[in-house]
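The structure under discussion appears below in the form of structure tokens.
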Amino acid sequence: MATEAVIKVVALCGSLREASYNRGLLNAAMEICKDSIKGMEIEYIDISSLPFTNEDLEVNGTYPDDVEFFRKKIEEADCFLFASPEYNYSVTAPLKNAIDWASRPPNVWADKSAAIVSAGGNFGGGRAHYHLRQIGIYIDLHFINKPELFVFAFESPPKFDSNGVLIHEETKHKLKAVLLALQAFALRLKRQV
């Protein structure tokens, strides 16, 4: 009997705040995956300890320990789930820093799939999505196109509680749809290799 392939997802949050709504989306995604999506595992990787990208920290093709750990996690993953708030019409500095470290030679993002979710005001983090997609072109990362998930976090009814926990059932259903699309795309890419 053939073993079902398990898609390994690394989840990255652009916000470092503990009760971040974007972190809440990732926590909900991990719960949804564990409870109702077979063949997919999500691991959250904290990017707060990564130093600023600096080639002076690269010694004989090696990187600082935190960076080496991070790069190994990215390399071992089949795909990625980004949750990024929008800061000044773009992605956050910590997230961009993490992306840059993993793109240093050899680029460990290459030829893998990804999805983006976001929570915020006005556009729900939408402009960060588009900048992440632009970055993805250069690092050879393939984003799912649909469905998209922009959570308007400050509109009624409430989407998150005071601890950043996603409580809105409709948003949970939309998040599950994103996860299923990411899983299907990652499997398709794996079969083509």
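What you see below is based on every heavy atom in this structure, not just the backbone, and it leaves out hydrogens, waters and symmetry mates.
- Inter-residue side-chain proximity for Leu179 and Leu81 is flagged as met; some heavy-atom pair is nearer than 4.5 Å.
- Looking at Leu12 and Ile74, their side chains come closer than 4.5 Å, going by heavy atoms from C-beta outward.
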For side chain to side chain contact (heavy atoms under 4.5 Å, CB included), just list the numbers for Leu95 and Leu132, CA-CA rounded to whole Å, side-chain angles, deciding distance to a tenth of an Å, and then say yes or no.
-> CA-CA 10 Å; Leu95 184 56; Leu132 267 173; 4.2 Å; yes
Walk me through it: do Lys96 and Asp100 pass the test salt bridge (Lys or Arg N to Asp or Glu O under 4.0 Å)?
-> CA-CA 6 Å; Lys96 180 63 168 65; Asp100 290 345; 2.7 Å; yes
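- Every pair passing side-chain hydrogen bond (donor to acceptor under 3.5 Å, both in side chains) that includes a residue from residues 68-77 is listed here, sequence neighbours excluded: Glu43-Lys73, Lys72-Glu76.
- Looking only at side-chain heavy atoms (C-beta outward), Val117 and Lys174 stay at 4.5 Å or farther from each other.
- Contact annotation: the side chain of Leu180 approaches that of Ile37 to within less than 4.5 Å [non-hydrogen atoms, C-beta and beyond].
- Residues satisfying the ring-ring contact (aromatic ring centres under 6.0 Å, His included) test with Phe185, not counting sequence neighbours, are none.
- Here the side chain of Lys112 pairs a donor or acceptor atom with the backbone of Ala77 at under 3.5 angstrom.
- Note on Leu25: it clusters hydrophobically with Val178, by side-chain heavy-atom contacts below 4.5 Å among ILVMFWY residues.
- Proximity of Pro51 to Val67: side-chain heavy atoms (C-beta onward) are separated by under 4.5 Å at one or more points.
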Would you sort out whether Lys146 and Glu148 count as a side chain to side chain contact (heavy atoms under 4.5 Å, CB included), showing the intermediate values?
-> CA-CA 5 Å; Lys146 299 287 181 188; Glu148 293 180 305; 3.8 Å; yes
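- Looking at Trp101 and Leu57, their side chains come closer than 4.5 Å, going by heavy atoms from C-beta outward.
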Chi angles and distances behind the side chain to side chain contact (heavy atoms under 4.5 Å, CB included) call for Ile135, Val91 = CA-CA 10 Å; Ile135 295 164; Val91 298; 4.3 Å; yes
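- Looking at Lys34 and Glu31, no side-chain N of the basic residue comes within less than 4.0 Å of a carboxylate O on the acidic one, giving no salt bridge.
- For the side chain to side chain donor-acceptor pair (under 3.5 Å) criterion with Asp78, the lone passing option out of Gln183, Lys8, Lys190 is Lys190.
- A donor-acceptor pair shorter than 3.5 Å can be found between the side chains of Asp66 and Ser49.
- The aromatic rings of Trp109 and Phe80 stand perpendicular to each other, their planes meeting at an angle above 60°, with 30° marking the opposite boundary.
- Residue pairs meeting the ring-ring contact (aromatic ring centres under 6.0 Å, His included) criterion with at least one partner in residues 146-172, sequence neighbours excluded, are Tyr21-Phe154, Tyr21-Phe160, His129-Phe150.
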